[in-house]
Amino acid sequence: MSVPAPNPVVAPDHVHALLNRLHQESLAQEAALPSTYLSSRDGFDELMRDKFIALDQDKCHFVYQLARATGARNIVEIGTSFGVSTIYLALAIGSNLEHLGGEGIVIATEKEHTKAEKARQYWKEAGEDLVMRHVDLREGDLLETLKNNIPQVDLVLLDIWAPVALPALKLLEPKLRSGAVVIIDNSIASATRYKELLDHLRSSASGYTNLTLPYSKGLEMCVKIQ
């Protein structure tokens, strides 16, 4: 008999129930998509307009654990969608601030107003003190919303439309502290779509070390060392 994988997330039962429900809804939507959707270049943005496609639950657990391990206080989420992974990030920051002190925030970006509103509903359901007070949701064109008022960044979670991925990261790079971590979802399944971004990160002159983690469809972990 297999033993269930441990869940590192420290949260009340109602938050775990909410996250489990949202992940199930996301999986159901993803199962209905064509198998080639991650590698498609045409119509991707339109296809995703009303979809969860949340970061897989095991990946969320990893990112949460990473944020806790590194004591992350300021996190930027490039591509918030319905705000599922944001809940994990906010919980991690809340726990870090409780134990380490100081201030911190999740800067979340979302272009689609309907998705932003749905995210706010879920964060409210999770709880004002647990989630919403730790999130700064910047709605609109992220190449504009990420231009100003960015603190020193400890962690970036990037799960966004490919053409703006590299420009968005370059906006943030001056704010990345030494040792900051950049996480990119679907780095294997979407390697073609993310080619420019991955080429930049893996360049010998980029100042990053890189590791592709063996999660489903790939999860890239890049550490800023320069």
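Positions are given from 1 along the sequence.
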Worksheet item: Quick one: does Asn7's side chain have a donor or acceptor within less than 3.5 Å of a partner on Val9's backbone?
Response: yes
Worksheet item: Is a side-chain donor or acceptor of His200 paired with a backbone partner of Ser206 at a separation under 3.5 angstrom?
Response: no
Worksheet item: Are Ile105 and Leu100 joined in one hydrophobic group, where the rule is that I, L, V, M, F, W and Y side chains link up if heavy atoms are under 4.5 Å apart?
Response: no
Fill in: Arg73 bridged to Asp154 by N-O distance under 4.0 Å
no
Practice prompt. First locate atom CG of Asp136, then atom CG of Asn149, and finally report the distance between them rounded to the nearest 0.5 Å.
Written response: 8.5 Å
Worksheet item: Is the count of non-hydrogen atoms from other residues, nucleotides or ligands lying under 6.0 Å from Glu196 atom CD greater than 12?
Response: no
Worksheet item: Residues in salt bridge (charged side-chain N to carboxylate O under 4.0 Å, His left out) with Lys224, at least two apart?
Response: none
Worksheet item: Is it the case that more than 12 heavy atoms not belonging to Glu103 sit under 6.0 Å from its CD atom?
Response: no
Worksheet item: Any luck finding a side-chain donor-acceptor pair between Glu173 and Tyr208 under 3.5 Å?
Response: yes
Fill in: Salt-bridge criterion met for Lys115 and Glu139 (N-O under 4.0 Å)
no
Worksheet entry | Any donor-acceptor pair under 3.5 Å from Ser203 side chain to Ala205 backbone | yes
Worksheet entry | Side-chain heavy atoms of Leu130 within contact of Trp123, under 4.5 Å | no
Worksheet item: If we only count heavy atoms from C-beta on, is the Arg138 to Glu110 side-chain gap below 4.5 Å?
Response: no
Discussion item. Would Asn96 and Arg68 count as a side chain to side chain donor-acceptor pair (under 3.5 Å) here? Give the steps.
Written reply: CA-CA 6 Å; Asn96 287 345; Arg68 294 296 310 274; 3.1 Å; yes
Practice prompt. List the steps and the verdict of side chain to side chain donor-acceptor pair (under 3.5 Å) for Ser85 and Glu77.
Written response: CA-CA 9 Å; Ser85 51; Glu77 183 181 41; 2.4 Å; yes
Worksheet entry | Candidate pair Leu197 and Leu169, rule side-chain contact (heavy atoms from CB on, under 4.5 Å), full reasoning | CA-CA 8 Å; Leu197 174 66; Leu169 179 62; 3.7 Å; yes
Worksheet item: Under 4.5 Å between side-chain heavy atoms, hopping through other hydrophobics if needed: is there a path connecting Leu143 to Leu176?
Response: yes
Discussion item. What I'd like to find out is whether the side chain of His23 reaches to under 4.5 Å of the side chain of Gln57, using heavy atoms alone.
Written reply: yes
Worksheet item: Going from CG on Leu55 to OH on Tyr64, what distance comes out if it is rounded to the nearest 0.5 angstrom?
Response: 15.5 Å
Practice prompt. Please answer whether the main-chain N or O of Gln152 pairs with a side-chain N or O of Asn74 as donor and acceptor at a distance below 3.5 Å.
Written response: yes
Practice prompt. Please examine the side chains of Glu220 and Thr212, heavy atoms only from C-beta on, and report whether any two atoms are closer than 4.5 Å.
Written response: yes
Item to complete: Would you indicate whether the side-chain heavy atoms of Leu22 and Phe82 approach each other to under 4.5 Å?
Response: no
Item to complete: Taking the side chain as every heavy atom from C-beta outward, state whether Tyr215 and Asn186 have any atom pair closer than 4.5 Å.
Response: no
Worksheet, complete the sentence: When rounded to the nearest 0.5 Å, the distance separating CE of Met221 from OG of Ser187 is 12.5 Å
Worksheet item: Does some side-chain heavy atom of Leu155 sit less than 4.5 Å from a side-chain heavy atom of Thr70?
Response: no
Worksheet item: Heavy atoms, side chains only, cut-off 4.5 Å: are His134 and Leu97 in contact?
Response: yes
